Amino acid sequence: MSSVRTRIPPSPTGYLHVGNAWAAFFNWLFARRHGGRVVLRIEDTDPTRSSPEYERAIYEDLRWLGMDWDEGPDVGGPYGPYRQSERTELYREAAEALLRAGAAYPCYCTPEEIEQERQRALAERRPYRYSGRCRTRPEQEIRALRAAGVRPALRLDVGRFHDPAWSSGWLERRREEGGPERLYVVVHDLIRGEVAFALDELDDFIVVRSDGTALYNFANVVDDHDMRITHVLRAVEHLSNTPRQVLLYRALGWEPPQFAHLPVLVGPDRRKLSKRHGDAALREYRDELFLPEALRNFFALMAWYPEDGREIFSTEELVRRFDLSQVGRASPVFDRQKLVWMNGEYMRRALREDPERVVELVAGYLVRHGLLPGPPTSDQRVYVRRVVEVLGERIKEGSDVLRYGDFFFLDLPRYDPQAVEAYLRGEQAAAV
RNA sequence: GGCCCCAUCGUCUAGAGGCCUAGGAUACCGCCCUCUCAAGGCGGAGACGGGGAUUCGAAUUCCCCUGGGGCCA
């Protein structure tokens with residue numbers, strides 16, 4: 001059996017997102033568990049939203065989390081380039097291969113025409129599927145369109161797969177109760193089991209846009225194949241795309257990788273964790289003094305329990321025990337409160353084992369919050385060290401430093417209004 | 001609209017037919033420890049979305065519904 005290769009495919013359109021970091025961690029765990037390799041691929045196909053700064057930030061955040069990778073834009077590797085923006089030629093070649101094989105055809109339909117088709121389907125209350133008009137468009141019509149400067153998109157000819165010569169061995173014949181026999185693309189998902197998609201539900205989808213750029217599904221297939229990815233662990237939102245991708249692999253004569261569709265991390269409102277939640281960027285947790293080892297432990301416990309009754313696991317243990325078949329299928333809510341508790345566990349451990357590390361972190365936090373003018377002088381460091389000693393196990397996250405210790409750095413303390421009412425307004429208070 | 005995924009305490013989850021009067025953790029509430037807070041100890045409250053079916057027996061299997069989410073446009 002060939003050795004395991006997984007991938008981490010962030011888009012440099014913003015800071016590394018907690019949900020992506022979580023999925024990245026599972027990919028990393030799985031690869032490390034099986035002695036495999038991790039590939040980092042930068043998905044920067046959208047030039048208007050991607051930036052080198054974000055790419056650097058992603059490396060930084062992933063490394064901070066304790067992730068490492070064996071191949072990637074920054075470390076090189078035998079199957080590069082590892083940036084999608086540098087792979088357009090490869091997509092073009094693959095598109096030509098599709099065309100040569102007769103698995104795809106150019107489509108000259110305009111967005112307006114497609115929209116009309118869709119509206120008609122809607123009005124007639126039948127599911128919309130592309131008509132396949134361009135598959136049989138007369139030659140002279142095509143010539144005329146070309147002459148008029150219309151550039152075609154490329155569509156996969158899904159109908160082709162009904163031909164046994166194209167589909168033997170990997171499409172399955174099944175008969176729903178009372179229905180006719182149909183062909184199915186069956187995804188053998190490592191987490192969800194068999195998921196079957198009827199071939200005739202799929203229409204001829206676009207593979208390359210008329211401007212020549214590859215669609216996500218297509219670029220992904222080409223990349224994962226070229227990079228010899230054996231296991232694709234990604235969020236369920238990609239499950240519906242998987243049959244299309246499988247068709248693409250097969251049309252190109254390639255063997256698809258194994259798939260495992262992870263649940264989606266959601267916020268307290270049960271909606272997908274996003275920038276709307278305000279605290280979706282991994283680095284905000286770093287800034288709030290969450291420790292990477294705490295985050296790793298916490299991440300592991302979302303959708304997976306290595307063992308019931310225990311919560312604290314070292315990363316080494318997690319690697320040793322990781323088992324995809326035990327990963328849950330329901331969307332876990334990212335529970336910040338529990339993270340705070342767990343961070344407290346690790347913070348107390350750090351205080352015991354490496355207090356200087358905590359001093360360092362707290363000093364940085366104080367600087368960020370304006371309680372220290374800048375990087376501490378050696379005197380200030382001594383002071384911060386003593387503050388940390390005093391605060392001790394009260395520190396579970398950054399805000400606790402302020403909550404319990406801001407007066408160490410202020411001329412006048414900030415009073416809690418409730419406490420003032422309760423204690424300082426009393427009869428004896430003035431006398432005291 | 002079609003297709004796909006999901007469903008146990010507020011939250012993370014254990015549970016793979018009888019071990020379940022549904023276990024643990026977190027959060028919450030008490031009590032203890034204690035000059036305060038934190039940590040810790042002890043205790044409490046808190047869940048199988050609904051309906052059928054299979055079975056001697058279902059949280060666990062099957063079907064339907066409901067509710068969330070996603071993909072395709």
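For clarity, every value in this text was computed on a predicted model and none was experimentally measured. Within every chain, numbering begins at 1; the chains are lettered A, B, ... in the order of the sequence lines, protein sequences first and strands thereafter.
A/Arg155 has its CZ atom 10 Å from the C1' atom of B/rA73, to the nearest Å. Put simply, CH2 on A/Trp304 is 16 Å from C1' on B/rA25, counting in whole angstrom units. For A/Arg270 and B/rG49, the CZ to P distance is 12 Å, given to the nearest whole Å. In this structure, NE2 of A/His261 is placed 15 Å from C1' of B/rC3, rounded to the nearest angstrom. Rounded to an integer number of Å, the gap from CG of A/Leu215 to C1' of B/rC72 is 12 Å. Atom-to-atom, CG of A/Asp400 to C1' of B/rU36 comes out at 16 Å; the value is rounded to the nearest Å. Straight-line distance from the CD1 atom of A/Ile312 to the P atom of B/rC12: 18 Å, rounded to whole Å. Nucleotide B/rG40 holds its P atom 11 Å from the CZ atom of A/Arg352, rounded to whole Å.
Listed nucleotides B/rC37, B/rG10, B/rC4 differ in distance to A/Ser240; the shortest reach to its side chain belongs to B/rC4. Taking the side chain of A/Arg348 as heavy atoms from C-beta on, and the options B/rA39, B/rU11, B/rG2, the nearest nucleotide is B/rA39. For A/Val195, whose side chain is taken as the heavy atoms from C-beta onward, the closest listed nucleotide among B/rC5, B/rC6, B/rA39 is B/rC5. The nucleotide whose nearest atom lies closest to any side-chain atom of A/Val236 is, among B/rA38, B/rA27, B/rC5, B/rC5. When distances run from any side-chain atom of A/Ala330 to the nucleotides B/rU36, B/rU13, B/rC6, the shortest one goes to B/rC6. Residue A/Trp341 has its side chain nearest to B/rU26 when only B/rC12, B/rU26, B/rC4 are considered. The side chain of A/Arg244 lies closest to B/rC72 when the candidates are B/rU26, B/rC72, B/rG40. Of the candidates B/rA73, B/rC12, B/rU11, the closest approach to any side-chain atom of A/Asp335 belongs to B/rU11. Of the candidate nucleotides B/rA39, B/rC72, B/rC6, B/rC72 has the atom nearest to the side chain of A/Asn241.
Across the P atoms, B/rC64 and B/rG24 are found 36 Å apart, a figure rounded to whole Å. When the C1' atom is used for both B/rG44 and B/rU36, the distance is 26 Å, rounded to whole Å. Only the P atoms considered, B/rA47 is 37 Å distant from B/rC3, to the nearest whole Å. Taking atom C1' on both nucleotides, B/rU55 is separated from B/rA45 by 35 Å, rounded to a whole Å. One P atom belongs to B/rG23, the other to B/rC48, and the distance between them is 13 Å to the nearest Å. On the P atoms, B/rG30 is 36 Å away from B/rG68, given to the nearest whole Å. Here, B/rU13 and B/rU8 have their P atoms 9 Å apart, quoted to the whole Å. Comparing B/rU60 with B/rG18, their P atoms are spaced 12 Å from each other, to the whole Å.
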Going through the distances and angles, do A/Tyr130 and A/Phe205 end up as a ring pair (Phe, Tyr, Trp, His ring centres under 6.0 Å)? CA-CA 8 Å; A/Tyr130 174 63; A/Phe205 57 94; over 10 Å; no

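Across all strands shown, B/rG2 forms a Watson-Crick or G-U wobble pair, both distances under 3.5 Å, with B/rC71. Across all strands shown, B/rG10 is found opposite B/rU26 as a Watson-Crick or G-U wobble partner, with both distances under 3.5 Å. Applying the Watson-Crick and G-U wobble criteria (two distances, each under 3.5 Å), B/rC62 pairs with B/rG52. If you check B/rC31 for Watson-Crick or wobble pairing at under 3.5 angstrom, you find it paired to B/rG41.
Judged purely by distance below 3.5 Å, without hydrogens or angles, the side chains of A/Arg146 and A/Tyr108 pair a donor atom with an acceptor atom. A donor atom on one side chain and an acceptor atom on the other are not found under 3.5 Å apart for A/Thr230 and A/Arg5. In this model, no donor atom of one side chain and acceptor atom of the other lie less than 3.5 Å apart for A/Tyr216 and A/Asn241.
Place A/Asn217 and A/Leu239 on RNA chain B by their nearest nucleotides, and A/Leu239 ends up nearer the 5' end. For A/His238 and A/Leu339, each mapped to the nucleotide of RNA chain B holding its nearest heavy atom, the one lying further toward the 5' end belongs to A/Leu339.
Base contact: A/Glu311 has a heavy atom under 4.0 Å from a base atom. Within 4.0 Å (heavy atoms only), A/Glu345 reaches sugar-phosphate atoms of the nucleic acid but no base atom. Backbone-only contact: A/Arg192 has heavy atoms under 4.0 Å from sugar-phosphate atoms and none from a base. Across all strands, A/Phe197 comes closer than 4.0 Å only to sugar-phosphate atoms, never to a base (heavy-atom distances). Backbone-only engagement by A/Ala303 is indicated by non-hydrogen atom pairs under 4.0 Å involving sugar-phosphate atoms exclusively.
A/Asn27 contributes no side-chain N or O that, together with a main-chain N or O of A/Val232, makes up a donor-acceptor pair within less than 3.5 Å.
We find that A/Glu356 and A/Arg381 are joined by a salt bridge, their nearest charged nitrogen and carboxylate oxygen being less than 4.0 Å apart. In this structure, A/Glu237 pairs ionically with A/Lys272, as a charged nitrogen and a carboxylate oxygen lie closer than 4.0 Å. Under 4.0 Å is where a charged nitrogen must lie from a carboxylate oxygen, and between A/Asp157 and A/Arg160 at least one such pair does.
The side chain of A/Arg329 places no N or O atom within less than 4.0 Å of a non-bridging phosphate oxygen (OP1 or OP2) of B/rC5.
In this model, no side-chain donor or acceptor of A/Lys396 finds a partner on the base of B/rA38 within 3.5 Å.
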